[in-house]
Amino acid sequence: MRAVRAGQFVFVSGITATAEDGSIVGQGDPDAKATQALKNIEVDRHLDSHACHAEVIRYKIAEGWEPAFEDAYRQAQTYLAKLPHCLGYELTRCLKESNRYVLLIRWESVDGHMKGFRGSPAFQPFVALIAPFFKQIEEMEHYEPTGIELTKAA
């Protein structure tokens, strides 16, 4: 799909448009196809702005349980990876105290997390994997971007 802005018009070309879940929209209906394509362009534009919300979860894992904790998140990541609302995630471990972790999940929006993910079929199996570590959470909060950032290519 390709969109070109020319003055006040947007020309859309392509043979398919897909919904958030990957299903094809507007087969045989050019208006529905164009409408979905424009929605997708708006979503892409939003995602390109890096205006995502971060969920920060800080853990202090009982000593000796670190491998089980990491394994639980290694398995749980498959559920996050499939979600359109999840833009990325990273689990980091403290160098000074190896049983402390920070999980950063980047969501397209708080609603994408609270309604999209929590209302999805992926939520229950995800929770089942990490539930044994819930009591070891020290912080679980959403943060919004300030616009002060630097990202360098590796």
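Given the structure is predicted, the values throughout are model-derived calculations rather than measurements.
The nearest pair of heavy atoms linking Ala128 to Pro132 is O-CD, 3.9 Å. The two atoms that bring Phe133 and Ala72 nearest to each other are CE1-CB, 3.9 Å, heavy atoms only. Summarising the geometry of Thr78 relative to Gln75, their closest heavy-atom pair is OG1-O, 2.9 Å, with the distance given to 0.1 Å. Here the closest non-hydrogen pair linking Cys86 and Leu80 is CB-O, 3.6 Å. The two atoms that bring Glu139 and Glu141 nearest to each other are OE2-CG, 3.7 Å, heavy atoms only.
In the hydrophobic cluster analysis, where Ile, Leu, Val, Met, Phe, Trp and Tyr join through side-chain heavy atoms closer than 4.5 angstrom, Phe117 is grouped apart from Val56. Under the 4.5 Å side-chain heavy-atom criterion for grouping Ile, Leu, Val, Met, Phe, Trp and Tyr, Val127 is connected to Leu129 within one hydrophobic cluster. Under a hydrophobic-cluster definition in which Ile, Leu, Val, Met, Phe, Trp and Tyr are linked whenever side-chain heavy atoms come within less than 4.5 Å, directly or via other members, Met114 and Phe126 are assigned to different clusters. Hydrophobic clustering places Ile105 together with Phe123 (ILVMFWY residues linked when any side-chain heavy atoms are closer than 4.5 Å, directly or through intermediates). Val102 and Ile61 sit in two unconnected hydrophobic clusters of ILVMFWY residues. Membership requires side-chain heavy atoms under 4.5 Å apart, directly or through other members.
For the pair Arg93 and Ser98, the minimum side-chain heavy-atom distance is below 4.5 Å. Taking the side chain as every heavy atom from C-beta outward, Leu104 and Thr92 never approach each other to under 4.5 Å. Between Glu138 and Arg100 the shortest side-chain heavy-atom distance falls below 4.5 Å. Taking the side chain as every heavy atom from C-beta outward, Cys94 and Tyr101 never approach each other to under 4.5 Å.
The one candidate from His142, Arg106, His53, Glu108 that meets the side-chain hydrogen bond (donor to acceptor under 3.5 Å, both in side chains) condition with His113 is His142.
Interatomic distance, CH2 of Trp65 versus CD of Glu70, reported as 14.0 Å (0.5 Å rounding). Annotation: the span from Leu91 atom CG to Arg74 atom CZ amounts to 9.0 Å, rounded to 0.5 Å. Distance check: Ile137 CD1 to Ile130 CD1 gives 6.5 Å after rounding to the nearest 0.5 Å. The OG atom of Ser120 sits 10.5 Å away from atom OH of Tyr79, with the distance rounded to the nearest 0.5 Å.
Within the 3.5 Å criterion, the main-chain N or O of Ala62 finds a donor-acceptor partner in the side chain of Gln136. Between the side chain of Asn99 and the backbone N or O of Lys60 there is no donor-acceptor pair closer than 3.5 Å. Checking side-chain atoms of Glu66 against main-chain N and O of Gly64 turns up a donor-acceptor pair under 3.5 Å.
For CD of Glu144, the number of neighbouring non-hydrogen atoms (other residues, nucleotides, ligands) closer than 6.0 Å is 12 at most.
In this structure, Tyr73 has its ring center at least 6.0 angstrom away from the ring center of Tyr89.
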